[in-house]
Amino acid sequence: MSSKLAPRGVRPWWRDAVTYQIYIRSFADSNGDGIGDVEGIRSKLGYLQKLGVDAIWITPWYPSPQNDHGYDVSDYMNIEPDYGTLQDAERLIREAHDHGIKVIIDIVPNHTSDQHAWFQAALKAKPGSPERNRYIFRDGKGSNGDLPPNNWQAVFGGPAWHRVTEPDGTLGQWYLHLFAVEQPDLNWENPEVVEHFDAVLKFWLDRGVDGFRIDVAHGMFKEKGLPDIRQSKLSKLLGKSNFTRMLSPEHKPFWDQEGVHEIYRRWRKILDSYEGDRMAVAEAWVSPTSRIARYVRADELQNSFNFEMLTTLWKPEEIRKKINNSISALAEVGAPTSWVFNNHDVVRSVDRLDLGLTNHGDTTRSRQGDPSKLNIARGTLRARSATLMALALPGGTYLYQGEELTLPEVRDIPENRLTDPRWKMSGYKDRGRDGCRVPIPWKTSPNGAFGFSAKDSLTPEEAWLPASAWWGSYSAESQEHDPNSTLNTYRRALAVRKNELGLGDGDMNWINTRKDVVAFSRPGNFSCYINFGADFELPKDCEVLVASGPLKDHILPTDTAVWVRSN
Ligand code: NOJ
């Protein structure tokens with residue numbers, strides 16, 4: 001398959017960057033309060049440089065009541081005090097650049113926090129006022145207006161509308177929140193909202209950020225008149241959780257509306273008015289995959305997450321199909337594909353690929369699988385192979401913190417410590433996403449400290465989300481000294497990718513081989529083989545560059561991936 005792309009050196013960095021996602025709250029705590037922070041990130045720049053990533057993406061770092069851990073922003077032009085100051089952020093951006101690392105920050109334009117000054121003003125103002133018009137307020141249905149304005153459901157569970165008490169104490173209008181109650185949706189038909197976000201982008205671009213990750217990039221505009229989801233569509237999904245329903249391919253009057261594209265054309269002009277290939281990447285859960293191409297047309301965004309691999313089973317035919325779909329979806333617009341096996345919203349790939357989970361499900365069990373069936377060793381082999389495969393494919397790759405340590409999902413967080421709004425909003429049926437957000441184990445220590453915090457005595461239980469006491473052997477420190485650890489394997493892979501092969505953009509061709517072996521070649525006599533079946537003998541004349549697990553001579557065992565160069 002070919003992607004018609006400019007030669008390396010000429011093309012912008014984001015076409016084939018390896019970007020490391022930092023979930024700031026759980027990455028590194030510099031001041032001993034059990035919460036990750038900006039200085040914590042700065043203290044790990046050396047680690048990230050040694051790992052060999054091109055960029056970091058930092059999840060929302062703005063002031064926020066943390067109802068959805070920063071995805072509920074109360075001020076877009078400042079830093080959450082728990083995470084540091086604006087000066088800390090400016091210094092981090094500068095020093096990241098000194099380490100050769102670009103900085104992408106999260107921007108959350110679909111909704112604000114209910115504590116944002118705009119929303120507080122809207123609550124105090126009258127129906128029909130300019131303050132309310134920044135959000136989506138409507139009268140309720142029924143004789144007393146006590147029924148929600150339409151049948152939309154919130155992604156995290158329950159109705160997508162919340163009724164407010166008016167300043168005079170009477171029950172009043174309803175406002176839309178596609179996510180948590182504390183995340184009111186903004187009205188993007190209002191020019192004031194549009195102009196505010198222009199200013200937010202410029203504020204951060206002026207401070208040197210290289211790009212933005214756009215949260216819910218497919219959701220900002222709603223269908224005119226806010227029509228009901230048609231009953232026939234809804235009934236098909238009855239009995240499924242809101243999360244499954246909202247992400248299902250059925251037409252939704254709030255996702256993927258035409259209006260978003262006008263905004264992205266506007267943002268592209270802003271990005272292009274700055275030097276240095278500034279970019280934006282869309283988080284757009286749209287379906288079918290071909291719809292993604294519309295977000296990355298030449299005058300819109302540069303990149304969009306390709307979520308195909310978050311729902312894949314570990315099956316060769318499915319993997320091949322998803323790779324083909326992903327590449328061909330974007331070929332028409334010439335945009336690069338990106339590969340994502342992990343992020344802060346999904347069960348970690350070690351568990352997913354072993355248990356055959358697709359991230360859909362209504363309960364903890366259906367989404368996270370049966371832990372008694374989990375074979376961590378096999379899941380680890382698969383997760384490593386998956387990442388090596390992603391890094392060998394054309395385009396860019398997003399790695400999620402802890403992926404380089406092959407951390408598994410944490411399933412033993414006590415219920416009274418769960419923080420994801422999904423837990424409560426699902427009626428306590430789905431424990432939510434906390435299990436992939438547990439603080440990073442940097443060190444191994446006999447007293448149970450885990451090096452997440454600069455305060456050595458901080459125990460795993462004292463972190464904002466309890467870390468796992470059994471994680472010692474996964475720590476970055478213990479993996480540092482094992483040449484075959486995941487950490488050292490990925491370091492080698494990233495170095496080979498960058499320095500020797502220049503992988504990333506460019507053509508790929510399938511290699512015709514055994515059905516249960518996925519194999520493809522890339523420029524520079526380079527090939528990648530991933531074995532899903534019995535032992536496989538690699539071609540005699542090739543040199544092994546990196547392998548995800550031990551090889552026996554030229555034999556590739558099951559669940560193992562290898563990068564080779566033919567001589
Ligand atoms: C997508 C983010 O990745 C997720 O963590 C968040 O809860 C929702 N958007 C709502 O902002």
Side-chain angles (χ1 to χ4, degrees), residues 19 21-27 36 57-74 76 80 104-116 119 135-136 152-158 160 162 176-186 188 197 200 212-220 222 241-247 252 254-256 260 280-286 295 303-307 310-311 338 340-348 359 367 398-401 418-426 430-438 465:
T19 303
Q21 180 193 350
I22 293 181
Y23 194 74
I24 182 168
R25 219 172 165 72
S26 297
F27 187 62
W57 146 33
I58 305 170
T59 54
W61 57 2
Y62 315 103
S64 158
Q66 306 291 330
N67 280 301
D68 189 18
H69 302 317
Y71 287 98
D72 47 326
V73 179
S74 52
Y76 290 85
E80 161 63 39
I104 298 173
I105 60 170
D106 225 305
I107 188 103
V108 189
N110 180 66
H111 43 262
T112 68
S113 157
D114 61 353
Q115 299 307 310
H116 192 287
F119 193 72
Y135 293 89
I136 304 179
W152 298 1
Q153 299 287 302
V155 173
F156 295 149
H162 186 77
L176 178 71
H177 61 90
L178 288 179
F179 291 86
V181 179
E182 298 85 0
Q183 292 169 303
D185 280 50
L186 284 163
W188 275 86
F197 275 88
V200 170
F212 300 93
R213 176 264 189 194
I214 305 170
D215 188 62
V216 199
H218 57 313
M220 284 133 72
K222 322 302 184 232
S241 71
N242 279 10
F243 193 71
T244 305
R245 279 153 66 171
M246 297 291 278
L247 297 182
K252 302 284 174 348
F254 33 80
W255 294 152
D256 201 17
V260 295
V281 49
E283 186 223 20
W285 284 88
V286 295
Y295 290 75
N303 202 199
S304 179
F305 294 122
N306 159 23
F307 289 136
L310 292 186
T311 55
S338 63
V340 185
F341 266 99
N342 288 284
N343 68 25
H344 64 293
D345 288 331
V346 301
V347 173
R348 285 205 181 255
N359 271 316
R367 226 173 45 79
Y398 288 85
L399 298 176
Y400 174 47
Q401 66 183 38
L418 291 174
T419 66
D420 185 354
R422 204 149 120 191
W423 173 229
K424 188 165 156 213
M425 289 180 78
S426 69
D430 182 350
R431 289 167 61 89
R433 302 160 293 178
D434 287 333
C436 66
R437 299 173 173 181
V438 168
L465 188 64

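As the structure lists them, so they are numbered: ligands from 1, and atoms in each ligand from 1. As the structure is a prediction and not an experimental result, all values here were calculated from the model.
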Taking only heavy atoms of Glu283, which atoms of ligand 1 are found under 4.0 Å from at least one of them?
1 (C), 3 (O)
Sub-3.5 Å donor-acceptor pair from the side chain of Tyr76 to the main-chain atoms of Val108, do we have one?
yes
Would you mind running through ligand 1 and noting each atom that sits below 4.0 Å from a heavy atom of Asp345?
1 (C), 2 (C), 3 (O), 4 (C), 5 (O)
So which bit of His69 gets within less than 4.0 Å of ligand 1, heavy atoms only: side chain, backbone, both or neither?
neither
Check for a donor-acceptor pair, side chain of Trp285 on one end and backbone N or O of Trp255 on the other, with a separation under 3.5 Å.
no
To the closest 0.5 Å, what do you measure between CD1 (Ile58) and CZ (Arg213)?
13.0 Å
For Arg437, counting its heavy atoms only, list the atoms of ligand 1 lying under 4.0 Å from any of them.
5 (O)
Examine the proximity of ligand 1 to Arg422 and report which part, side chain or backbone, both or neither, has a heavy atom under 4.0 Å away.
neither
Indicate whether the side chain of Ser64 and that of Asp72 have a donor and an acceptor atom separated by less than 3.5 Å.
yes
Under 4.0 Å from any heavy atom of Phe156, which atoms of ligand 1 are there?
7 (O)
Arg433: numbered ligand 1 atoms lying under 4.0 Å from its heavy atoms:
4 (C), 5 (O), 6 (C), 7 (O)
Using a 4.0 Å cutoff against the non-hydrogen atoms of His111, which atoms of ligand 1 qualify?
10 (C), 11 (O)
Output yes when Asp68 and Arg422 qualify as a salt bridge under the 4.0 Å nitrogen-oxygen rule, no when they do not.
no
Option of least heavy-atom distance to atom 1 (C) of ligand 1 (set: Asp68, Asp215, Val216)
Asp215
Answer with yes or no whether the side chains of Asp434 and Thr419 bring together a donor and an acceptor at under 3.5 Å.
yes
For a quick check under 3.5 Å, do Asp256 and Tyr295 share a side-chain donor-acceptor pair by atom type?
yes
